[in-house]
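One is the number of the first residue; the rest follow in order along the sequence.
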Amino acid sequence: MNKLYPPNFVHEGRDFKIAWEEAIRFCLKNGMLIKAEQNSSVMTYDMCSKITLYGNGIEQILNAEIHEKFPTKTLFNAEYVKEYSREWVATQKKLPIEKQFVYNYMDRLINEFGIDQILALRELLRNGISRRTQVITWNAKKDLQSANPPCLQRIWIRILDNDDGACEIHFDWRSRDLYGAWMTNYIGLFNMLNREIFNPLNLTVVKFVCNCNSLHIYKSDWESAGKI
């Protein structure tokens, strides 16, 4: 019998790879069977998640350490990371509109809403501890009717100690492909934030929290994911 609603997966730990393994196993065993979209025939196992990493788990992301069974492990290479750079976005903007990206997180953060949110966030963080330091990707005018709205919604960063530069970072997602994209998304985003925020301000991430409304595995991946 299908479940009435998606379960909640909660994980805290110090290993990026183990977090992925446990999320995969929980989703396959306990996830709700639900369509990807109303008019779609694509089925998924789906859950809501809150994953928190500390210490070595954060270092693994910064060092691009991918699980040996992650299917798209080659995508964290230099070409993939380039998509989270100002230079890559500028190059894309010069292409004919039909050849440009549908959406790109870096583009949303530096060009949407008439403000470079990344630069603004960096300046706000120079003031020290605050609960107001965040950036967003969602543009209701575009995204409510879009067939391809951004999955990542918000990045919230808080400095915890003005003296040693310790900070925490939170990601909020509406939707995530757990099996095929989970690890490489983090590597690209952390690489961008390291370059744009953490290194310029001498910040050290000591806590990373990821919240997701719909963390899912597509039916086409169930067999492969079952081998994790």
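In this structure, CD in E22 is found 13.5 Å from SG in C27, a value given to the nearest 0.5 Å. Rounding to the nearest 0.5 Å places CG of L215 at 10.5 Å from CZ of F26. The distance from the NZ atom of K219 to the CE atom of M43 is 7.5 Å, given to the nearest 0.5 Å. With rounding to the nearest 0.5 Å, the separation of CG in L53 from CZ in R14 is 10.0 Å. Between atom OG of residue S224 and atom CD1 of residue I217 there is a gap of 10.5 Å, rounded to the nearest 0.5 Å. D161 contributes atom CG, which lies 9.5 Å from atom CD1 of I159 (distance to the nearest 0.5 angstrom).
Inter-residue side-chain proximity for S175 and H216 is flagged as met; some heavy-atom pair is nearer than 4.5 Å. When side chains are defined from C-beta on, I228 counts as touching Y179, because their heavy atoms get closer than 4.5 Å. Using a 4.5 Å heavy-atom cutoff, the side chains of F198 and T204 are not in contact. In this structure the side chain of C151 reaches within 4.5 angstrom of the side chain of R174, judged on heavy atoms. Side-chain contact check for L178 versus M47: some heavy-atom pair is nearer than 4.5 Å. The closest side-chain heavy-atom distance from K82 to E87 is not below 4.5 Å.
Using modelled atom types, no side-chain atom of Q38 and backbone atom of K35 make a donor-acceptor pair closer than 3.5 Å. Between the side chain of W138 and the backbone N or O of L144, no donor-acceptor pair lies under 3.5 Å. Under the 3.5 Å distance criterion, the side-chain polar atoms of D221 are left unmatched by any main-chain donor or acceptor of G180. Between the side chain of S146 and the backbone N or O of D143 there is no donor-acceptor pair closer than 3.5 Å. In this structure a side-chain-to-backbone donor-acceptor pair under 3.5 Å is missing from R108 to I136. Side chain of T44 to main chain of A36: no donor-acceptor pair is present (N/O by atom type, distance under 3.5 Å, no hydrogens or angles). Using modelled atom types, no side-chain atom of K50 and backbone atom of H11 make a donor-acceptor pair closer than 3.5 Å. The backbone N or O of E59 sits nowhere less than 3.5 Å from a side-chain atom of N56 that would complete a donor-acceptor pair. Judged by distance alone, the side chain of Q60 and the main-chain N or O of F16 form a donor-acceptor pair under 3.5 Å. At least one donor-acceptor pair closer than 3.5 Å links the side chain of T137 to the backbone N or O of L152.
Closest approach of C167 and L203 over heavy atoms only: SG-CB, 4.1 Å. In terms of heavy-atom proximity, F70 sits nearest to T184 at CE2-CG2, 3.8 Å. What you find for E65 and I187 is that their closest heavy atoms are N-CD1, 4.4 Å. Closest heavy-atom contact between Q117 and V135: OE1-CA, 3.4 Å. Contact detail for C48 and P6: the closest heavy-atom pair is N-CB, 4.3 Å. Shortest non-hydrogen contact noted between Y54 and V206 is CD2-O, 3.7 Å.
In this structure, a donor-acceptor pair under 3.5 Å is present between the side chains of N191 and R195. Between the side chains of E112 and N139, a donor-acceptor pair is found at a separation under 3.5 Å.
The residues R86 and D116 are annotated as salt-bridged, a charged nitrogen and a carboxylate oxygen being separated by less than 4.0 angstrom. Using a 4.0 Å cut-off between charged nitrogen and carboxylate oxygen, K17 and E68 do not count as a salt-bridge pair. Under the 4.0 Å criterion applied to side-chain N and carboxylate O atoms, R25 and E21 are assigned as salt-bridge partners.
Note on M32 and W222: separate hydrophobic clusters, where clusters join Ile, Leu, Val, Met, Phe, Trp and Tyr whose side-chain heavy atoms are under 4.5 Å apart, directly or indirectly. Note: the hydrophobic cluster containing W20 does not contain V209 (ILVMFWY, side chain heavy atoms under 4.5 Å, direct or indirect links). Both I118 and W88 sit in one connected hydrophobic cluster of ILVMFWY residues. Membership requires side-chain heavy atoms under 4.5 Å apart, directly or through other members. Residues I115 and W156 are members of separate hydrophobic clusters, defined by side-chain heavy-atom contacts under 4.5 angstrom among Ile, Leu, Val, Met, Phe, Trp and Tyr. When hydrophobic clusters are built by joining Ile, Leu, Val, Met, Phe, Trp and Tyr residues whose side-chain heavy atoms come closer than 4.5 Å, directly or via intermediates, F208 is not grouped with L160.
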### Task
Could you give me the CA-CA distance, side-chain angles and deciding distance for I169 and R158, then say whether side-chain contact (heavy atoms from CB on, under 4.5 Å) is met?
CA-CA 7 Å; I169 178 170; R158 177 168 61 177; over 6 Å; no
### Message
For a side-chain contact (heavy atoms from CB on, under 4.5 Å) check, start with the C-alpha distance between I157 and H170, then their side-chain angles and the critical distance, and finish with the verdict.
### Response
CA-CA 6 Å; I157 301 174; H170 295 225; over 6 Å; no
### Task
Step by step, work out the side-chain contact (heavy atoms from CB on, under 4.5 Å) result for L201 and R122.
CA-CA 8 Å; L201 298 181; R122 190 164 72 201; 3.9 Å; yes
### Task
Walk me through it: do F9 and N30 pass the test side-chain contact (heavy atoms from CB on, under 4.5 Å)?
CA-CA 9 Å; F9 172 73; N30 302 293; over 6 Å; no
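Judged by the 6.0 Å and 45° rule, R176 forms a cation-pi pair with Y186.
Below 30°, between 30° and 60°, or above 60°: for F190 and F171 the angle between ring planes is above 60°, a perpendicular geometry.
Counting heavy atoms of neighbouring residues, nucleotides and ligands inside a 6.0 Å radius, atom CZ of R132 does not exceed 12 of them.
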